[in-house]
Protein chains: 2
Amino acid sequence: MVDGTESGMDDEQRIDLGVSLFIPYRYTEDRMFRALRDAGFDDWTLAQCRVFQRVSPDGSRLKDLADQAQMTKQSASVMVDQLERLGYVRRLPDPSDGRARLIVIEERGRRAVEVASKALDEILAEWKAYLGTRNFTLLHQILDQLREITDPYAR
Amino acid sequence: MVDGTESGMDDEQRIDLGVSLFIPYRYTEDRMFRALRDAGFDDWTLAQCRVFQRVSPDGSRLKDLADQAQMTKQSASVMVDQLERLGYVRRLPDPSDGRARLIVIEERGRRAVEVASKALDEILAEWKAYLGTRNFTLLHQILDQLREITDPYAR
DNA sequence: CGCTTTGGTTAGGGACATTGACTATTGTGG
DNA sequence: CCACAATAGTCAATGTCCCTAACCAAAGCG
């Protein structure tokens with residue numbers, strides 16, 4: 001927050017790494033969202049989509065979705081309600097825990113995942129071509145490393 | 001969006017680069033926001049703070065803030081209203097254009113920038129120590145490069 | 001000068017996310 | 001085997017954010 005220009009650290013490196021991280025992130029998000037819309041998945045919102053993307057292929061608990069998306073269970077629940085009404089996911093009772101429910105991907109959701117997947121491939125291929133394979137791989141490695149000290153959710 | 005597991009590209013690299021970018025970004029944002037709160041700047045919200053961080057030391061036009069923050073002028077205007085009421089910024093008539101107004105940082109805002117600046121330095125120092133100077137610099141360079149094809153706002 | 005563009009504001013509504021209080025199931029220690 | 005704490009999720013009310021639409025005024029341009 002705040003791109004201060006004073007104090008410590010050589011200026012070259014202060015040019016907001018936070019923003020530098022955010023910009024390409026948003027680029028992928030925007031582009032995938034647009035790809036989905038163009039493919040006919042235009043009945044959901046970005047916020048709903050963000051929750052959907054966290055649903056594991058094996059089904060997820062509401063609590064986990066909420067944690068990962070950094071929101072309250074209540075908020076996540078509303079999103080899931082909507083996604084369910086739209087046919088992207090379904091809630092099933094969790095056989096291993098009577099309190100819990102498993103949110104699983106439905107037919108329409110599966111088709112959306114396919115489209116998004118393809119869009120992501122395209123983006124990554126472009127980046128790879130632009131950065132060169134070497135730097136592209138390095139970026140991956142460094143970010144993975146960084147994740148270890150910045151990801152609040154184990155992984 | 002959507003972390004698909006099928007199709008193209010070797011799996012190693014598909015582990016969502018988007019998320020990998022987002023996680024450290026959010027880490028910096030969260031931590032700076034907390035640092036500000038702890039320092040007594042606890043009367044604003046994250047959304048207001050996000051707009052504030054875009055205000056240039058020389059003053060910014062509303063339109064520019066809105067563009068950079070990817071929101072409408074109307075939304076940005078509300079944020080600025082609030083920031084102004086809280087004493088972080090002030091609107092001045094723009095001498096070079098009778099229609100426009102310059103949003104400039106006020107005393108309280110300047111103090112906040114200082115705190116945020118210090119927090120950012122800390123974070124970057126930690127990352128540098130963890131990644132090693134070499135990789136830290138590389139990360140910067142690669143992200144800068146990536147920005148050229150992903151930043152919708154020139155710079 | 002008219003006309004278009006550009007910078008901002010006002011008004012109203014919808015989407016998102018939070019806090020607080022509640023139910024029900026699970027697990028645990030006495 | 002039962003009181004008790006912790007956990008999964010819901011309901012209700014509220015507030016914040018952000019958008020569309022409509023508008024005003026200054027600037028730029030033919």
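To find a chain, count down the sequence lines: A is the first, B the second, and so on, and within it residues start at 1. Reckoned from all heavy atoms, side chains included, excluding hydrogens, waters and symmetry mates.
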Discussion item. Using a 3.5 Å distance criterion without hydrogens, assess whether the side chain of B/Ser77 forms a donor-acceptor pair with backbone atoms of B/Lys73.
Written reply: no
Discussion item. When the axes are fitted on five pairs at both termini, how much does the helix from C/dC1-D/dG30 to C/dG30-D/dC1 curve, in 10° steps?
Written reply: 30°
Worksheet entry | Nearest-0.5 Å distance that lies between atom CD1 in B/Ile142 and atom CD1 in A/Ile142 | 5.0 Å
Discussion item. Regarding A/Asp43 and A/Arg37, does a basic nitrogen lie under 4.0 Å from an acidic carboxylate oxygen?
Written reply: no
Practice prompt. Side chain of B/Leu62 only, please: which of C/dG7, C/dT9, C/dC16 is the nearest?
Written response: C/dT9
Discussion item. Are B/Trp127 and B/Phe136 an aromatic pair, judged by ring center distance below 6.0 Å?
Written reply: no
Item to complete: Check the distance between C/dT6's P and B/Asp64's CG and give it to me in whole angstrom.
Response: 13 Å
Item to complete: Mind checking side chain to side chain donor-acceptor pair (under 3.5 Å) for A/Glu122 and listing every partner two or more places apart, or none if nothing turns up?
Response: A/Arg31
Discussion item. Near DNA chain C, counting only heavy atoms under 4.0 Å, which residues of residues 71-86 of chain B show up?
Written reply: B/Lys73, B/Gln74, B/Ser77
Discussion item. Checking A/Phe22 now: which residues fulfil ring pair (Phe, Tyr, Trp, His ring centres under 6.0 Å) with it, not counting sequence neighbours?
Written reply: B/Tyr25
Worksheet item: Where each residue is assigned the nucleotide of DNA chain D containing its nearest heavy atom, which of B/Gln48 and A/Leu102 is assigned the position nearer the 5′ end?
Response: A/Leu102
Please tabulate the protein-to-nucleotide N/O contacts below 3.5 Å involving nucleotides 4-7 of chain D, giving atom names and distances.
from	atom 1	to	atom 2	distance (Å)
D/dT7	O2	A/Arg99	NH1	2.8

Discussion item. Does this structure show an ion pair linking A/Arg34 with A/Asp38, if we count only N-O contacts that are shorter than 4.0 Å?
Written reply: no
Practice prompt. Classify the side-chain pair A/Asn135/A/Tyr130 by whether it contains a donor and acceptor separated by less than 3.5 Å.
Written response: no
Practice prompt. Ignoring backbone atoms, establish whether B/Arg91 has a side-chain N or O less than 4.0 Å from OP1 or OP2 of C/dT9.
Written response: yes
Fill in: Distance, rounded to the nearest Å, where A/Asp94 contributes CG and D/dT10 contributes C1'
17 Å
Discussion item. On DNA chain C, does the nearest nucleotide to B/Arg101 precede the nearest nucleotide to A/Ala47 from the 5' side, or the other way round? Give the residue.
Written reply: B/Arg101
Practice prompt. State whether A/Glu107 and A/Arg110 are salt-bridged, where the test is any N-O pair (Lys NZ or Arg NE/NH1/NH2 against Asp/Glu carboxylate O) under 4.0 Å.
Written response: yes
Fill in: D/dC17 phosphate, OP1 or OP2, under 4.0 Å from B/Arg50 side-chain N/O
no
Worksheet item: Excluding sequence neighbours, so at least two apart, what forms salt bridge (charged side-chain N to carboxylate O under 4.0 Å, His left out) with B/Arg61?
Response: B/Asp94
Worksheet item: Starting at CG of B/Leu92 and ending at P of C/dG7, how long is that distance when rounded to a whole Å?
Response: 18 Å
Discussion item. Can you confirm whether A/Arg90 is buried at CZ, in the sense that more than 12 heavy atoms of other residues, nucleotides or ligands lie under 6.0 Å from that atom?
Written reply: no
